[in-house]
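Just below is one structure, and these are the notes that go with it.
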Amino acid sequence: MCPLGIDVSQNGNVKTLESAGTIFEIEDSDILRISERPRAINVERNRSFEERPSSELSITSPRHSLKILADHLEGLSPHGRRSGFNTPRSYTYFEAHAMVAEAWENLRRSIVFYRRQPVGTIAAIDHSVEELNYDQVFVRDFVPSALAFLMNGEEEIVKNFLLKTLHLQSWEKRIDRFKLGEGVMPASFKVIHNPVRNSEILIADFGESAIGRVAPVDSGFWWIILLRAYTKHTGDSSLAEMPDCQRGMRLILSLCLSEGFDTFPTLLCSDGCCMIDRRMGVYGYPIEIQVLFFMALRCALLLLKQDQEGKEFMERIVKRLHALSYHMRSYFWLDLKQLNDIYRYKTEEYSHTAVNKFNVMPDSLPDWVFDFMPIRGGYFIGNVSPAKMDFRWFCLGNCVAILSSLATPEQAAAIMDLIESRWEELVGEMPLKICYPALESHEWQIVTGCDPKNTRWSYHNGGSWPVLLWLLTAACIRTGRPQIARRAIELAESRLSKDHWPEYYDGKLGRYIGKQARKFQTWSIAGYLVARMMLEDPSHLGMISLEEDKQMKPLMKRSTSWTC
């Protein structure tokens, strides 16, 4: 039953429900049951994607939006059940929930066209401040937008984005006369219009224009994950099977599967290579990159063709996945027992019998972690490398660990226990902390280089990012706890629209709009829409979630190298 006042029968007719509730009135058992049902895959493309010049970023007025909504209600496809959250077929819900209508309106205003085809969404449509690079299409930023469009049956823009970024991958990239590895995906691209020649070109940024001049490591992983989401949702594997897409995946995999001096299966990275794209002490083996790496490898296994080249990569992927899952589940995992074990470590141990394998000094344990760790609960810490354990909690890494099944079912449940136990610290008044806790005083000076944007409880340094709402919602549904997502969405709805969809919030509780936050940030808008649509129809979860691989499931006991 559609909870929004309309329902679509099998023949495509609309019927009004006499007693319709909101998503916040659905029983949790209903949510879990709905998540198991199959989704229709042949979805009519949205007619609002008329071909327009690329200069027209704002494509609909509020009055015109009402007409679009009414038109679509009359033209339902037999196979086209879409989500009811002011997608263009839900006129009833538009009246009941103007915030969702506003979100869709703003998302469509952010669409970028290239040669009359939609190819992505710009980072923000805030023209009140200098645009800088916020007028570009970022690979990581577009992911929630892409999921929203897919859930709404609008596959064209996602397909075009995947193909255009694939084309950019083949460009030669040089930064200060140094050539990047073949296969690097761009961080972002921009459409440049030449009015004299009446032509358009794409200009990509591989890090040469970024703050700190760091190439993105996560872009290639997000590209593979999005390709799998597109294939899963549409049921059409022809895009993934194209020779160019197969080659693009192999180039990305060649970069990250190459063997060298590293003794760990994790990827060695520099600061600023992911969503936290400024200096924040995440160099080494940051949790975000490792879980995206893990998920991209699993997605690639499902997408690679069974030809000779594909089979060779599959063998390498399987070996890496086994080593990576063991390493992450064993050495990055922290709960009360593990914390106590580290607290009692001996140092300067040698040989294979060493308990403290990374020579972590117990005195380096921060005071806050002892109070932060609940009796029930746990999480994957931010980083592990020689003599270094970053005990900070990072939202994206832990949520994607659940969605990719890097976290075992027991670990996934423990992560959700931690979020519930530490709601004030991690969620507060505006979901959701990008990391916890914030760096302060001398530590902030040393780690961030006195970055004025990353002061305590701001931006990447403990700021609250609404875009993370969709990841939390997906993790909640995956673990059978939709009530947590429901509570977080209600919090977001109390502020987001009134505050004009800011990029991030400041303060321990996320109470203040970020001091340098852009308004009408596209992924804040898209993240909210994806969260709502996913909670309304949990079968959408299949696009972004992978079932547990039983072959990689470890014995249900902690590694002997971590016991005292």
Side-chain angles (χ1 to χ4, degrees), residues 23 48 57-62 65 83 85-88 93-94 96-112 120-138 140-149 151-152 157 188 275 395-396 427-434 453 458-460 463-473 485 488-507 509-535:
I23 59 169
S48 64
L57 291 180
S58 179
I59 63 173
T60 53
S61 65
S65 292
S83 170
F85 292 119
N86 175 44
T87 60
Y93 196 66
F94 175 85
H97 209 300
M99 181 173 170
V100 184
E102 178 193 339
W104 273 108
E105 180 75 14
N106 287 321
L107 182 59
R108 298 198 186 286
R109 287 176 58 210
S110 71
I111 294 175
V112 173
T121 52
I122 59 174
I125 48 177
D126 183 2
H127 303 302
S128 64
V129 293
E130 188 181 358
E131 289 182 331
L132 297 177
N133 60 352
Y134 282 79
D135 62 347
Q136 299 187 26
V137 180
F138 282 81
R140 76 174 68 93
D141 290 40
F142 181 67
V143 171
S145 295
L147 295 177
F149 287 126
M151 291 176 185
N152 198 37
I157 186 173
S188 63
M275 179 182 175
C395 177
L396 192 151
V427 181
E429 295 186 17
M430 175 53 65
L432 187 66
K433 288 296 180 194
I434 189 172
K453 196 168 184 177
S458 180
Y459 203 49
H460 297 138
S464 297
W465 292 69
V467 64
L468 298 170
L469 188 62
W470 80 265
L471 283 163
L472 175 66
T473 300
I489 290 174
E490 287 176 336
L491 280 174
E493 287 181 335
S494 69
R495 293 281 305 276
L496 269 179
S497 177
K498 296 176 183 177
D499 295 339
H500 305 298
W501 310 92
E503 180 183 15
Y504 65 94
Y505 286 79
D506 284 353
L509 299 178
R511 181 174 293 174
Y512 308 100
I513 299 174
K515 58 187 176 184
Q516 295 188 42
R518 300 300 170 113
K519 302 292 184 69
F520 299 102
Q521 186 79 13
T522 303
W523 68 354
S524 295
I525 296 165
Y528 165 71
L529 287 172
V530 171
R532 289 212 58 126
M533 287 191 284
M534 200 178 297
L535 197 56

Taking all heavy atoms of Asn152 and all of Arg108, pick out the closest pair and write down the distance.
-> ND2-NH2, 3.5 Å
Hey, does the side chain of Asp506 reach the backbone of Lys515 with a donor-acceptor pair shorter than 3.5 angstrom?
-> yes
Determine, step by step, whether Ser458 and Tyr512 satisfy the side-chain contact (heavy atoms from CB on, under 4.5 Å) criterion, reporting the C-alpha distance in whole Å, the side-chain angles of both residues, the deciding distance to 0.1 Å, and the verdict.
-> CA-CA 10 Å; Ser458 180; Tyr512 308 100; over 6 Å; no
Specify the closest pair of heavy atoms between Met534 and Trp470, including all atoms of both residues, with the distance to one decimal.
-> CE-CE3, 4.4 Å
Can Val100 and Leu529 be said to form a side-chain contact (heavy atoms from CB on, under 4.5 Å), step by step?
-> CA-CA 7 Å; Val100 184; Leu529 287 172; 3.7 Å; yes
Ignoring hydrogens and geometry, is there a side-chain-to-backbone donor-acceptor pair from Arg511 to Gly428 under 3.5 Å?
-> no
With side chains defined as the heavy atoms from C-beta onward, is the minimum distance between Met275 and Val467 less than 4.5 Å?
-> yes
Ser145 versus Thr121, closest heavy-atom pair with distance = OG-OG1, 3.2 Å
Minimal non-hydrogen separation, Ile122 against Ala124, with atom names = CD1-O, 3.2 Å
Would you check if Tyr505 and Glu429 make a side-chain contact, meaning some heavy-atom pair closer than 4.5 Å?
-> no
Would you call Tyr459 and Glu503 a side-chain contact if the rule is heavy atoms closer than 4.5 Å?
-> yes
Residue pairs fulfilling side-chain hydrogen bond (donor to acceptor under 3.5 Å, both in side chains) with at least one residue in residues 516-526, sequence neighbours excluded | none
Rounded to the nearest 0.5 Å, the CZ atom of Phe142 sits from the OG atom of Ser110 at a distance of 9.0 Å
Smallest heavy-atom separation, Leu468 atom then Ile434 atom, equals CD1-CA, 3.8 Å
Taking C-beta and beyond as the side chain, do Trp465 and Leu396 meet within less than 4.5 Å on heavy atoms?
-> no
Residue pair Lys433 / Gly510: nearest heavy atoms and the distance that separates them = NZ-N, 4.0 Å
Please examine the side chains of Trp501 and Leu107, heavy atoms only from C-beta on, and report whether any two atoms are closer than 4.5 Å.
-> no
Separation between OG of Ser494 and CE of Met430, rounded to the nearest 0.5 Å = 5.5 Å
How many angstroms lie between atom OG of Ser464 and atom CG of Leu469, to the nearest 0.5 angstrom?
-> 11.5 Å
Could you check Ile513 against Arg495 for side-chain contact (heavy atoms from CB on, under 4.5 Å), going step by step and ending with a plain yes or no?
-> CA-CA 10 Å; Ile513 299 174; Arg495 293 281 305 276; 4.3 Å; yes
From Ser497 OG over to Met99 CE, what is the distance, rounded to the nearest 0.5 angstrom?
-> 5.5 Å
To the nearest 0.5 angstrom, please state how far the CG atom of Asn106 sits from the CD1 atom of Ile525.
-> 4.5 Å
With side chains defined as the heavy atoms from C-beta onward, is the minimum distance between Leu496 and Tyr528 less than 4.5 Å?
-> yes
